[in-house]
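Notes to accompany the following structure.
Letters A, B, ... mirror the listed sequences (proteins, then strands); counts begin at 1. FYI, side chains are in, hydrogens and waters are out, and symmetry mates aren't considered; it's all heavy atoms of this structure. Not measured: the values here are computed from a predicted model.
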Amino acid sequence: MNILRKKSTANLPFSETVIELFIRLCGISSIIFVFGIFFFVFREGADFLFNGLDLKEFLTSVEWQPTSLNNKRYGALALIVGTFSVTALAMCIAVPFGLGAAIFVSEFCSPKLRETFKIIIELLAAIPSVVWGFIGLTLMNQLIIAVFNVPIGLTMLNGSIMLALMSVPIIVSIAEDALKAVPDSYREAAEALGATRWQVVYRVLLPAAKNGLLAAVLLGAARSIGETMAVLMATGHSVNIPSGPLSWIRTLTATIAAELGEVARGGEHYQVLFIIGILLFTITFVVNLIADLVIKGIRQE
Amino acid sequence: MNTNGDNSSQITPVIQVSDLKVRYGDKSALNGISFDVHKNEILGIIGPAQSGKTTLLKVINRTLELTSGTTVEGSVKLDGVDISTINDVYGLRRRIGMVLPLPVGLPLSIYDNVAFAPRTGGIRAKSELDEIVERCLQQAALWDEVKDRLDTLGTKLSGGQQQRLTIARALSHQPEILCLDEFSIAVDPVTTMRIEDVLDTLRSEMTILLVTNLVQQAKRLANRTAFILNGDLIEIDTTEVIFSDNPTNQATYDYVNGNFG
Ligand SMILES: Nc1ncnc2c1ncn2[C@@H]1O[C@H](COP(=O)(O)OP(=O)(O)OP(=O)(O)O)[C@@H](O)[C@H]1O
Ligand SMILES: [Mg+2]
């Protein structure tokens, strides 16, 4: 009890004490959950990670043959490259659109249009990823076949477009907050100096909000890295080091999703999938950590 | 120095405000005011809070139109030209230097703060910008304090230094008119006196509109003083008359002597 209640609450009415206790429990439980999940994922993969798995092969080989009968290979390089390349291409698409939309919403559009725009962005964020995967599988597939004249449209490009559409709402809402947080006095001062609205944006607002905008991009990227269903459905799901946007690829997440249901619990393959989980956990943790540090940087300025 | 207030009235006024009415939505902020501003004078503008002083300045540099729902009637002429007919509003704004109540160092380096308006006005040459930055910081009595750290952030300066930075910035586009809106609100008395000295020197180069909440500041600096109350121009006259024992209007007397309301 005493650990949970640092400050003395002697004079608070009983209901206040109960509410405070409840809020503290919620806060603490979220920390416990995060550590709990990490612990679970780690425990399932730890045995094979420390004895058995050739870590060098895991990180540098492109041979992913976990189900082969006599030549099992656990090289995840193609999956790692797949995840990063599809995310990078997605960001190339999502960042200009996301930041552009954020600038438009926060600086150039009328209050009425802004509300409409925000509702649309929220709707976009609410679409389940399997629906995006479905769109990728059907509509975008045919579009890519038609435009690029390739036999199959389930490619890195397809996955990247789906991921871009999923991360744009995140980028827009965080970037818009960052722009809105720039004091109006900056805008007024710049306008009094004869700056056009566009000059105000790129000479004052972008430098002033750069940390927030960077955080927006990083959180959008973290979303892309962790995304599973859409990339599983849209990228062709084949182990391959991509040579361009029209190559098919396979990602870390999609591999777990596709294979975990069919492996024997506790076996090598099962454990490798959890090691991939640890890897993903680490990557997204690092990206989120950087984003947090960047946001903290904003607060301190 | 207060004597040239009368002489200059023969020349065309730099600013002619006639029957200016401003409304925010349904709420009137200026109810039809008219006055002239003469070349190279400091016109003090005094009046209690909410009387419309800031609004008046915003009409003159046309930044009021950035606030939605405002309506402006009447006319403001700059050198005889109605400002509402000027197409290049950005150029117009650079003809007027504006210093706002709270110092706003833009989140750029000291150098870039001062070079901001010249750059937006199209000046690119480094040597020319260097020269402008030095001249303006000198004029604003800030050069000696910052000349060794021109690339640090303007927002890192103290309040008083930032206010002098905004004055340097307002001078950077060589304005014909300098408007100051209660510049001493966030500035210590010593810096206030330094800036007042700066203004005293600047009046030989430009026309200055000094909105101030310190009536004594108007008394110290202004050639003429205007008293605005609730959107009406109660009285405008030489500072001597406004601060004498018998200005035309009793409200003026009460306000400048501090027994108002
Ligand atoms: N953006 C705005 N929207 C609505 N009303 C406004 C706005 N700005 C000013 N007003 C109103 O216009 C009137 C004049 O305001 P203004 O800021 O010009 O006064 P002021 O004399 O500068 O006051 P202060 O000494 O407090 O700065 C006030 O009644 C104010 O409430
Ligand atoms: Mg004001």
*Between chain B and each of A:S110, A:A192, A:P183, A:A190, count heavy-atom pairs under 4.5 Å; write down the option with the most.*
A:A192
*Which residues share a side chain to side chain contact (heavy atoms under 4.5 Å, CB included) with A:S173, sequence neighbours left out*: none
_B:N87 CG: over 12 foreign heavy atoms closer than 6.0 Å_ = no
*asked:* Looking at B:E131, I'd like to know if its CD atom is crowded, meaning that more than 12 non-hydrogen atoms belonging to other residues, nucleotides or ligands lie closer than 6.0 Å.
replied: no
_Looking only at heavy atoms and a cut-off of under 4.5 Å, which of B:L108, B:N61, B:D112, B:L106 has the most pairs with chain A?_
B:L106
*Would one find more than 12 heavy atoms of other residues, nucleotides or ligands at under 6.0 Å from atom CZ of A:F97?*
no
*Quick one: which residue pairs count as a ring pair (Phe, Tyr, Trp, His ring centres under 6.0 Å) with a foot in residues 198-221 of chain A, not counting sequence neighbours?*
A:W198-A:Y202
*Under the side chain to side chain donor-acceptor pair (under 3.5 Å) rule, collect the residues that match up with B:E73, sequence neighbours excluded.*
B:R23
*Approximate separation, where rounding is to 0.5 Å, of A:Q199 CD and B:R119 CZ*: 12.0 Å
*Which of residues 166-184 of chain B get closer than 4.5 angstrom to chain A, counting heavy atoms alone?*
B:R169, B:H173
*Calculate, to the nearest 0.5 Å, the distance between atoms CG and CD belonging to B:L102 and A:E188 respectively.*
10.5 Å
*asked:* Give me the atom names and distance for the closest heavy-atom approach of A:Y186 to B:G105.
replied: CE2-O, 3.7 Å
*Find the distance between OG (A:S185) and CG (B:L100) and round it off to the nearest 0.5 Å.*
8.5 Å
*Can you name the nearest heavy-atom pair linking B:Y90 to A:R197, along with the distance?*
OH-N, 4.4 Å
*Nearest atoms (heavy-atom pairs only) where B:T120 meets A:G194*: OG1-O, 4.2 Å
_Point-to-point distance, once rounded to the nearest 0.5 Å, from CD of A:E191 to CG of B:L66_ = 4.5 Å
*Flag yes if more than 12 heavy atoms outside A:F285 fall under 6.0 Å of its CZ atom; otherwise flag no.*
no
